Structure formats: C-alpha cells, structure tokens
Engineer: 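Sharing a structure here in structure tokens format.
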Amino acid sequence: MKSYSKITPEGTRDLLFEECRARREVQNRLSRMFTLRGYREVITPGLEYFDVFNLPGTAIPQQEMYKCTDNHGRLVVFRPDSTLPIARMAASRLQSQEKPLRFFYSQTIYRNRPDLSGRSDESAQMGIELMGASGLRADLEVISGAVAALSACAPDFRMEIGHARFFQALAEQLPLSDGEKESLRDTIESKNYAALSELLDPLGNLPAARAMAQLPRLFGGEEALSEAGRWFQDGETREILEYLKGLYAALGELGLGDRLMVDLGLVQRNDYYTGVVFSAYVHQRGDAVLLGGRYDNLCGKFGEPMPAVGFSLDLDAVAELQPAVSDGERPVQALVYGEPGYEMQGQMLLDRLTGQGMSCESALTNTFQEALSYAERRQIPKVYCVGETVRETDLTERGKES
C-alpha cells in the first residue's frame with residue numbers, strides 16, 4: 001500500500017518561515033484596521049453541521065464539501081464558507097443585540113475543488129460582515145472597507161461592482177430548469193460567449209433572453225452603465241441600474257480612477273447574494289482575491305431576518321504579494337549557554353533577555369567551545385556563559401582582534 005506520510009493532501013500545502021511571517025503581518029494589519037472601524041472579531045467552529053450549508057436558496061454544492069460524521073452519526077462538514085456560520089451565530093446568539101452588528105473574522109475554509117482547477121482546498125480568509133443595515137450607506141461602508149483593506153496589503157488592484165438581481169430577475173423570466181439556470185450562470189461568470197449562445201438561442205427573441213446575452217458584455221466604466229440603459233427598461237431592473245449608477249458615482253470619490261469598473265456579468269456563485277456584488281483582482285493572479293456582496297435573505301434562513309453585506313479576502317493570495325522578507329531580518333542577537341549543573345539558570349537568563357526585547361537562542365551544545373563555534377557559524381554576535389558567574393563573549397570584538 002502506497003504511503004502518503006511525506007506529502008500533503010491535494011489542494012493543501014505547508015507554509016514556511018517567510019510565508020508565515022507575511023500572512024501574520026497581513027492578519028495584524030487588517031485586524032487593526034477592522035477593529036478601528038468598529039468591527040469585532042468572531043471565530044466559528046471548523047466543524048459545522050451539514051444542514052448549515054444546505055438551506056434552500058443558499059446551498060453550497062455537496063460535492064464541494066468535506067464531510068464526515070460525529071459520534072451520533074450526524075453529518076458534519078469542514079467549514080466551506082464563513083458567512084453562513086456567522087449568520088447562524090448572529091441569529092441564534094445575538095438576537096437581542098442592538099443593530100447593526102459588525103463582525104470580522106480570520107479563519108480557514110475547506111472546499112473540495114475539482115482536480116487541476118489550480119485552486120486550494122484549504123484557504124485562509126479574512127473578512128467583515130455588517131448585519132442589520134441596508135441601503136447605500138451600508139454598502140458604501142463595506143465596499144470602502146474592502147478598498148482600504150486592499151490598499152493596505154495589495155495596492156495594485158482592480159475593483160469590479162455589479163448587482164446579483166440583474167441575473168436573477170432575468171432568469172426568473174426564462175423557461176429554463178434550475179440546472180440550466182446554473183449552467184447559464186457559469187457561462188456568464190466565465191464570459192463564455194459561445195456556450196451562452198447555445199443556451200439562449202433556442203429561446204428565440206424573448207426580451208429577457210436578449211438582455212441576458214448582454215450581461216457579460218456590459219463591462220467597463222460609465223459607458224457600460226449607459227449601454228445597460230438600453231437593455232433594462234422594466235421597473236425592477238431599471239431601479240437596480242439607477243442604484244448601481246449612484247453607487248458607482250459615490251465610490252468614484254475614493255480616487256480609484258480606472259481601477260473601479262462595472263461588470264453586470266458579475267454573478268457570484270453563492271446563491272445567497274441579493275443585491276450589490278463586488279470582486280477585486282490583482283495582476284499577479286487570475287482569480288479574484290476579494291469577493292463580497294449583499295445577502296439580505298440569509299439571516300432569515302436561521303430564523304432572524306435582517307439585511308446584511310460583507311466580503312472575504314484571500315489571505316494567502318495577498319500575503320504572497322508582500323515584499324520579500326529575508327530570514328535574517330530579525331537576527332539572533334545572543335546565544336545563552338548554561339554550564340553543566342547551571343542549565344536552568346541559563347534558561348532564566350534567556351527569559352530575562354527576551355523579556356527586554358532581545359532576540360536570543362539557547363545553546364544546546366555540550367561544551368562552551370561548541371557554543372562559540374555555533375555562534376560564529378550563525379553570525380550571532382554575543383554568547384553568554386552561565387555558571388557560578390555570567391560571562392559575556394562579544395564575537396564582533398573577537399573578529400576585530402583576529
């Protein structure tokens with residue numbers, strides 16, 4: 001039987017040294033930013049009941065979830081999404097809290113991705129959720145927060161905004177099965193014009209079909225919104241378009257210039273989005289590094305209806321964009337050697353030195369001479385020898401003498 005003891009499962013990887021440091025730096029930067037904006041951190045379980053992610057209208061495809069059973073035989077999954085558990089938590093534990101509720105999180109999700117998709121099965125994410133608030137002010141708060149988060153850790157980005165109801169309102173008017181509508185969503189998301197034509201051509205000259213065919217083409221700046229006015233004339237879609245125009249104009253004041261774009265073909269895969277949706281991209285990656293939107297019906301699935309909007313940021317993707325940090329950026333400043341019988345005293349000195357902010361290592365050699373040789377190889381400037389007294393050897397001075 002083949003042994004897999006030396007490799008990680010497909011879609012996962014080890015993080016080493018600088019990668020860990022870069023991720024932690026981004027986490028600290030964003031945690032401070034979210035906290036200063038009034039958001040409080042929450043952590044949901046890594047294991048959740050399958051039912052949390054299988055609610056009507058919000059279900060995550062079963063094949064994308066890692067599943068197992070608990071000791072009562074109940075089906076549980078490794079958390080595939082952070083928004084649904086936070087909605088569960090808010091609805092079940094925070095009903096009496098004054099609204100709006102502001103949360104931020106930094107946690108891992110698990111998705112069973114198709115082979116060769118190039119996407120990780122284990123993804124570290126950070127994000128915010130604003131629950132109990134609707135309207136332009138709330139949308140602007142969250143999208144502005146997304147822009148601030150990206151500016152802090154991935155400044156060379158492009159932000160795209162759209163609206164989930166364009167696709168939904170048109171799809172409701174088409175004589176298609178639920179499966180065909182999902183195929184339609186996939187072709188629009190990937191801007192696969194040939195496949196889109198194959199799905200829509202049999203529907204003939206239906207106004208909704210003709211408008212649907214335009215969604216992936218309505219991409220750009222103000223000209224895309226102007227062009228959309230030709231296709232969306234009925235009450236609901238016209239109202240959505242006017243709202244999006246106002247949102248686009250307001251976000252333009254952030255100074256993003258041509259980095260802010262409209263994409264009416266932005267049809268997020270999660271079914272729970274009901275309003276504005278947005279994504280962000282960087283040049284170094286093909287997939288979006290940030291996804292978000294409004295999901296006003298989700299909390300009601302858990303028995304506590306309230307409007308909500310939020311976003312998630314791919315933590316590892318933006319951590320990879322951080323400037324390279326050499327392993328020696330914070331060099332070891334001292335090596336502490338405890339003579340036989342004084343090992344604990346050596347550890348106590350190391351505690352005092354590190355408490356003063358000095359970067360130290362404990363010497364694990366058998367002799368002091370071996371400790372000196374180790375320090376020279378590692379370019380550690382000072383060595384403390386702890387015995388009846390404490391002796392300090394400055395290797396930089398020794399080097400000058402030689």
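We count residues from 1, following the sequence as given. If you're wondering where the values come from, they're calculated on a predicted model, not measured in any experiment.
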Engineer: Considering only heavy atoms from C-beta outward, does the side chain of L372 approach that of L335 to under 4.5 Å?
Structural biologist: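 The answer is no, as the side chains (C-beta and beyond) never meet within the 4.5 Å cut-off.
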Engineer: Would you kindly check if the NZ (Lys) or CZ (Arg) of R74 is within the cone defined by 45 degrees around the ring axis of F50 and under 6.0 Å from the six-membered ring centre?
Structural biologist: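 R74 over F50 ring: no.
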Engineer: Provide the closest heavy-atom pair for V52 versus L84 in the form atom of the first, atom of the second, distance.
Structural biologist: O-CD2, 3.9 Å
Engineer: May I ask you to check whether over 12 heavy atoms, not counting those of Q379, lie within 6.0 Å of atom CD?
Structural biologist: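 It does not: Q379 CD has 12 such atoms or fewer within range.
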Engineer: Return the minimal non-hydrogen interatomic distance between L290 and F311, and the atom names on each side.
Structural biologist: CD1-CD1, 3.6 Å
Engineer: Taking the side chain as everything from C-beta on, heavy atoms only, tell me whether L184 gets closer than 4.5 Å to L200.
Structural biologist: yes
Engineer: Is there a side-chain contact between Y295 and E129 in this structure, where contact means two heavy atoms from C-beta onward sitting under 4.5 Å apart?
Structural biologist: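 Side chain of Y295 against side chain of E129, heavy atoms only: contact under 4.5 Å found.
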Engineer: Hey, are the side chains of E141 and R102 touching, using non-hydrogen atoms and a 4.5 Å cut-off?
Structural biologist: yes
Engineer: Just by distance, do the side chain of E182 and the backbone of G179 share a donor-acceptor pair under 3.5 Å?
Structural biologist: no
Engineer: Check this for me: R24, atom CZ, are more than 12 non-hydrogen atoms of other residues, nucleotides or ligands nearer than 6.0 Å?
Structural biologist: no
Engineer: Step through the shown structure and confirm whether more than 12 heavy atoms of other residues, nucleotides or ligands are within 6.0 Å of CZ on R137.
Structural biologist: no
Engineer: Would the number of heavy atoms belonging to other residues, nucleotides or ligands and lying under 6.0 Å from CD of E98 be above 12?
Structural biologist: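 Incorrect, the count does not exceed 12.
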Engineer: Does a sphere of radius 6.0 Å around CZ in R32 hold more than 12 heavy atoms from other residues, nucleotides or ligands, not counting ones at 6.0 Å or beyond?
Structural biologist: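 No, not enclosed.
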Engineer: Is any side-chain heavy atom of R88 closer than 4.5 Å to a side-chain heavy atom of E48?
Structural biologist: yes
Engineer: Do you know the tightest heavy-atom contact between L260 and G252?
Structural biologist: CD2-N, 3.8 Å
Engineer: Please examine the side chains of V42 and F104, heavy atoms only from C-beta on, and report whether any two atoms are closer than 4.5 Å.
Structural biologist: no
Engineer: Please step through side-chain contact (heavy atoms from CB on, under 4.5 Å) for the pair V336 and V383, ending with a clear verdict.
Structural biologist: CA-CA 6 Å; V336 179; V383 179; over 6 Å; no
Engineer: Write down the atom of T8, the atom of T12, and the distance for their closest heavy-atom approach.
Structural biologist: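 Looking at all heavy atoms of both residues, the shortest contact is OG1-O, 3.0 Å.
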Engineer: Side chains of D394 and T396: is there a donor and an acceptor less than 3.5 Å apart?
Structural biologist: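 The criterion, which ignores hydrogens and geometry beyond distance, is satisfied for T396 and D394.
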Engineer: For the pair K382 (side chain) and I380 (backbone), establish whether a donor and an acceptor sit closer than 3.5 Å, ignoring hydrogens and angles.
Structural biologist: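 No; zero donor-acceptor contacts below 3.5 Å.
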Engineer: Can a donor-acceptor pair be found, under 3.5 Å and without considering hydrogens, that links the side chain of E223 to the backbone of G220?
Structural biologist: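 A pair under 3.5 Å: no.
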Engineer: Does atom OH (Y384) have a neighbourhood of more than 12 heavy atoms from anything else shown, all under 6.0 Å?
Structural biologist: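 Correct, the count exceeds 12.
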Engineer: Quick one about E41 and S106 (side-chain donor to acceptor, distance below 3.5 Å, no hydrogens or angles considered), yes or no?
Structural biologist: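 There is no such pair between these side chains.
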Engineer: Does E180, at its CD atom, have more than 12 non-hydrogen atoms belonging to other residues, nucleotides or ligands within less than 6.0 Å?
Structural biologist: yes
Engineer: Is there a donor-acceptor contact under 3.5 Å linking the side chains of R378 and Y374?
Structural biologist: yes
Engineer: Indicate the atoms forming the closest heavy-atom contact of G162 with L266, along with that distance.
Structural biologist: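 Shortest heavy-atom separation between G162 and L266 comes out as N-CD2, 3.9 Å.
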Engineer: Keeping the roles fixed (side chain from K67, backbone from Q62), state whether a donor-acceptor pair exists under 3.5 Å.
Structural biologist: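 Answer holds: yes.
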Engineer: Does the side chain of Q63 pick up a donor-acceptor pair with the side chain of R111 at under 3.5 Å?
Structural biologist: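 Result is no, nothing qualifies.
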Engineer: Identify which one of Q125, R79, M126 satisfies the side chain to side chain contact (heavy atoms under 4.5 Å, CB included) criterion when paired with Q107.
Structural biologist: R79
Engineer: Quick one, F166 and L244 - any side-chain contact, counting heavy atoms below 4.5 Å?
Structural biologist: yes
Engineer: For a side chain to side chain contact (heavy atoms under 4.5 Å, CB included) with S183, tell me which candidate from L196, L199, I188 qualifies.
Structural biologist: L199
Engineer: Has M358 got more than 12 heavy atoms of other residues, nucleotides or ligands less than 6.0 Å from its CE?
Structural biologist: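 Atom CE in M358 is crowded, with more than 12 foreign heavy atoms closer than 6.0 Å.
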Engineer: Hey, are the side chains of V26 and Q322 touching, using non-hydrogen atoms and a 4.5 Å cut-off?
Structural biologist: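 Yes, at least one pair of side-chain atoms sits under 4.5 Å.
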Engineer: Would you say the side chains of Y110 and D81 form a donor-acceptor pair under 3.5 Å?
Structural biologist: no
Engineer: For the backbone of N54 and the side chain of T58, can you confirm whether one donor and one acceptor N or O come within less than 3.5 Å of each other?
Structural biologist: no
